[in-house]
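Here's the structure we're looking at; comments come further down.
In what follows, chains carry the letters A, B, and so on, assigned in the order in which the sequence lines appear, proteins first and then strands, with residues in each chain numbered from 1.
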Amino acid sequence: KAFALRKELGDLERAEKSLDELIHSSTTQLKQLTEYKDSQRLGYVTYQDIRSVSTLRDQTVIAVKAPAETKLEVPDTAGQGSLQIYLKSKNGPIEVYLCPEE
Amino acid sequence: RSRMLVSIGESFGLSNRFQKINQMVNSSDRSFKRTLDLGSAPKQKRL
Amino acid sequence: AQECQNLEVERQRRLERIKQKQSQLQELILQQIAFKNLVQRNRQSEQQANRPPPPNSIIHLPFIIVNTSKKTVIDCSISNDKFEYLFNFDSMFEIHDDIEVLKRMGMACGLEVGKCSPEDLKVARSLVPKALEPYVIEMAKGPISNVYITGG
């Protein structure tokens, strides 16, 4: 039984190593992807896209475009009836858009 | 008061990073509506 | 018996780590497919329309959205330099990031819920490197919960 367990541990070790390599390469690819000029120019959604999502159709939708490292804070206001979102940026102004209905 | 903090503004963060916040907001809202139902609306605190 | 027990504990620990890493890799694959799909779609739309969409009708990634019922009263305070915002809602809201919106737009080919048509699977496979294809094929059948060891 010990021999079988040791053999399986060897297989799992190889599987984990392969996963680590794939995670690393995928993270790198994603980072490069977001840095390509073309992707930056074409990486957008339209208001229609947001309205096409069924769970957002009959909702008020606010879109927030914030600089990197902007802090989003939600205090736990259990039972107080007012729910808050606090946004604080240190790298530039935050843009907030109200998605139009149509 | 406890609070939840998330850093935004970066591409492709961890998945479901707002799940806990959404759950907390949902339960806060429910507990408030329950107190309303019980008729004793708590004094609203203003920031 | 003691040695077997130690090996079994190590096996469980390793299995847990592999499952967590598989979940991380699946999310990375979904993000890569969704983003590439979005860029491809926008490129085709712009070529067909022969022009980019009006700037005030689009939101570039990265962004987040906050959605709430239309009945919700929202009070918003903004600092002069727009570095700080305070929103007060009188009812519940949800916050989602851009990738979640892309998934709900269908940009991840339904892989996030394991409902992927053969055509979608073909598109998804074309958007990832060869090494990730076995995972995409496996994800198309449903979220990979057990330990999936690719042949490679």
Side-chain angles (χ1 to χ4, degrees), chain A residues 19-20 22-45 49-50 53 55-56 59-97, chain B:
Chain A
L19 270 170
D20 289 337
L22 288 172
I23 286 171
H24 176 71
S25 59
S26 301
T27 305
T28 308
Q29 284 153 19
L30 211 46
K31 191 169 179 319
Q32 286 166 352
L33 206 51
T34 55
E35 286 160 359
Y36 292 152
K37 279 276 168 282
D38 213 24
S39 302
Q40 285 177 347
R41 186 181 71 78
L42 291 164
Y44 61 77
V45 299
D49 287 329
I50 291 179
V53 176
T55 50
L56 300 176
Q59 295 262 296
T60 296
V61 181
I62 298 167
V64 177
K65 189 145 178 60
E69 294 173 41
T70 296
K71 195 175 62 176
L72 177 143
E73 180 184 321
V74 177
D76 182 356
T77 55
Q80 291 176 32
S82 162
L83 294 160
Q84 288 178 342
I85 296 177
Y86 176 59
L87 299 174
K88 180 156 179 55
S89 161
K90 53 188 178 187
N91 294 322
I94 301 168
E95 298 301 328
V96 172
Y97 309 97
Chain B
R1 256 177 7 183
S2 70
R3 60 188 182 159
M4 287 194 173
L5 276 176
V6 177
S7 173
I8 60 173
E10 290 87 13
S11 294
F12 307 128
L14 291 176
S15 74
N16 300 332
R17 56 194 165 133
F18 295 111
Q19 194 169 17
K20 284 203 181 73
I21 287 182
N22 292 334
Q23 284 165 356
M24 178 188 81
V25 165
N26 192 345
S27 62
S28 297
D29 189 54
R30 285 171 194 270
S31 68
F32 175 64
K33 290 209 164 77
R34 250 197 317 275
T35 47
L36 273 192
D37 294 347
L38 296 175
S40 59
K43 195 166 68 60
Q44 292 250 342
K45 289 194 184 113
R46 298 290 298 172
L47 249 189

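Under the rule for a side-chain contact (heavy atoms from CB on, under 4.5 Å), the partners of A:Tyr97 that lie at least two apart in sequence or sit in another chain are A:Tyr47, A:Ala63, A:Lys65, A:Glu95. For A:Tyr86, there are no ring-ring contact (aromatic ring centres under 6.0 Å, His included) partners at least two apart in sequence or on another chain.
For B:Met4, the parts lying under 4.5 angstrom from a heavy atom of chain A are both the backbone and the side chain. Only the side chain of A:Leu87 comes within contact range of chain B, judged by heavy atoms closer than 4.5 Å. Interface residue B:Ile21: only side-chain heavy atoms are found under 4.5 Å from chain A.
Scanning all heavy atoms of the two residues, the minimum distance from A:Pro75 to B:Arg3 falls at CA-CB, 3.7 Å.
Chain B forms the most heavy-atom pairs under 4.5 Å with one residue out of A:Val74, A:Thr34, A:Val64, A:Ile94, and that residue is A:Val74. Note on B:Val25, B:Leu5, B:Ile8: by heavy-atom pairs under 4.5 Å with chain A, the leading option is B:Ile8.
Rounding to the nearest 0.5 angstrom, the gap separating the CD atom in B:Glu10 from the OG1 atom in A:Thr70 is 7.5 Å.
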